[in-house]
Amino acid sequence: MENRTLGIIGGTGWLGRAIAEAALDSGFIGPDRLLISNRSGVSTFEPGVRLLADNQQLVDLSDIVVLSIRPEQFRELLINARGKVVISLMAGVPAAAISAATGADVIVRAMPNAAVEIRQSFTPWYSVGKLVEHDRQWVQRLFECVGSADEVPEEDCIDYLSALSGTGPAFPAMLQMALTNQAVAAGIPLVIAQRAAQGVVVGGGQMLASRDPRQMIESLMAYRGVTAAALQSMADQNIESIVGRAVQAGAEIARKGM
Ligand SMILES: NC(=O)C1=CN([C@@H]2O[C@H](COP(=O)(O)OP(=O)(O)OC[C@H]3O[C@@H](n4cnc5c(N)ncnc54)[C@H](O)[C@@H]3O)[C@@H](O)[C@H]2O)C=CC1
Ligand SMILES: O=C(O)[C@@H]1CCC=N1
């Protein structure tokens, strides 16, 4: 597995840096097999990791190239990656467009989320072109350095999941803010409201790491009291439809392209 050289374009950004650091820390890749490019020329990586200002040089020296730049920055990127495996983390840029712009005929679209920071991202990925078995396993293991990963059967899954899981902490953060703001509006002191809402999202979320959500709801609804009334109110307002429309709105942006 280690005999691949990985180049990360944008490797000092949010996702690129976290993935590079996790791959190094876990021993998945040695520093001599990792190349990073960024625009500032400033590196805080351990010695041995090469920082390059020239993206084409990075591509030429790499077997696998990760594009960890923003979609609008991709329009300015001029590289010839023919013969390389290109892994794109960009939301809303189809594999065909990446292939056309880079000349690569093996493209992986992967969609991690901000939890790469704590190595708890879920990363779906999809490949186009002939990804040999060794590289398939390599891609899976790369993303397992920052959490869990699954290959998905269609490219559209990546666009949909960009909105569902690519958004990472966005949905729980919004729930936490709504709980906080509503508690304050109901007269609870701000600091108490913040601590209560954080407990729900963070503590509750941790419980769900090992518990089935349906069973959790049923166990609490069985009291036929406070939880039952609160969750029934959400069901009456069709919470599933609100969530579904929100994810579809994000997915439409990913499908339309950015
Ligand atoms: N941040 C997130 O939670 C998620 C981001 N993504 C996708 O990942 C990609 C990267 O996002 P972030 O890491 O958050 O962005 P970021 O802005 O933190 O990192 C991008 C980095 O690329 C560098 N860069 C831009 N153009 C470059 C070039 N031509 N050569 C070398 N370096 C260049 C920038 O200076 C910056 O350091 C985006 O396309 C985004 O759609 C996907 C899922 C979640
Ligand atoms: O919102 C975005 O476009 C990026 C991709 C998914 C999460 N953040």
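Remember, it's a predicted structure, so these values are computed and weren't measured experimentally.
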Heavy-atom donor-acceptor pair, [X] side chain to [Y] backbone, under 3.5 Å:
X: D63; Y: T5; answer: yes
X: S37; Y: A53; answer: no
X: Q194; Y: T180; answer: no
X: Q57; Y: L52; answer: no
X: S121; Y: N113; answer: yes

Going through the distances and angles, do L77 and L67 end up as a side-chain contact (heavy atoms from CB on, under 4.5 Å)? CA-CA 10 Å; L77 183 73; L67 301 179; 3.8 Å; yes
Mind listing the closest non-hydrogen atom pair of [X] and [Y] along with its distance?
X: V146; Y: A18; answer: CG1-O, 4.0 Å
X: S68; Y: G16; answer: OG-N, 3.2 Å
X: P213; Y: L208; answer: CA-CD2, 4.0 Å
X: V65; Y: S62; answer: CG2-CB, 4.0 Å
X: I69; Y: I9; answer: CG2-O, 3.7 Å
X: G168; Y: P172; answer: O-CD, 3.7 Å

Whether over 12 other heavy atoms sit under 6.0 Å from [X] [atom1]:
X: M177; atom1: CE; result: no
X: M234; atom1: CE; result: no
X: Q56; atom1: CD; result: yes

If you define the side chain from C-beta out and look only at heavy atoms, does anything of [X] sit under 4.5 Å from [Y]?
X: I217; Y: R214; answer: no
X: I19; Y: L89; answer: yes
X: S127; Y: E151; answer: yes
X: I29; Y: L24; answer: yes
X: R119; Y: E21; answer: yes
X: H134; Y: R4; answer: yes
X: P124; Y: S165; answer: yes
X: M90; Y: I98; answer: yes

Quick check: is [Y] connected to [X] through a chain of hydrophobic side chains (ILVMFWY, heavy atoms under 4.5 Å apart)?
X: I8; Y: F74; answer: no
X: L190; Y: I192; answer: no
X: I87; Y: L161; answer: no
X: V59; Y: I64; answer: no
X: Y126; Y: L164; answer: yes

Could you verify whether a donor N or O on one side chain and an acceptor N or O on the other, from S233 and Q237, lie under 3.5 Å apart?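 Result is yes, a qualifying pair exists.
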Less than 3.5 Å apart, any donor N or O on the side chain of E144 or Q140 sitting next to an acceptor on the other?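 Yes, a side-chain donor-acceptor pair sits under 3.5 Å.
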Enumerate the residue pairs fulfilling salt bridge (Lys or Arg N to Asp or Glu O under 4.0 Å) with a member in residues 236-252, sequence neighbours excluded, ordered by first and then second residue.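 Sorted result for residues 236-252: E252-R255.
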Value rounded to 0.5 Å, distance of [atom1] in [X] from [atom2] in [Y]:
X: T227; Y: M221; atom1: OG1; atom2: CE; value: 8.5 Å
X: Q176; Y: N181; atom1: CD; atom2: CG; value: 10.5 Å
X: L58; Y: L51; atom1: CG; atom2: CG; value: 9.5 Å
X: M111; Y: D159; atom1: CE; atom2: CG; value: 8.0 Å
X: D135; Y: K130; atom1: CG; atom2: NZ; value: 10.5 Å
X: F28; Y: W138; atom1: CZ; atom2: CH2; value: 4.5 Å

Against W125, only a single residue in D150, V139, V152, L142 fulfils side-chain contact (heavy atoms from CB on, under 4.5 Å); can you say which?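 Exactly one option meets the side-chain contact (heavy atoms from CB on, under 4.5 Å) with W125, and it is V139.
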side-chain contact (heavy atoms from CB on, under 4.5 Å) between F171 and V243, worked out: CA-CA 9 Å; F171 285 117; V243 170; 5.7 Å; no
Any cation-pi pair here, R17 with F45, using under 6.0 Å and within 45°?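 R17 over F45 ring: yes.
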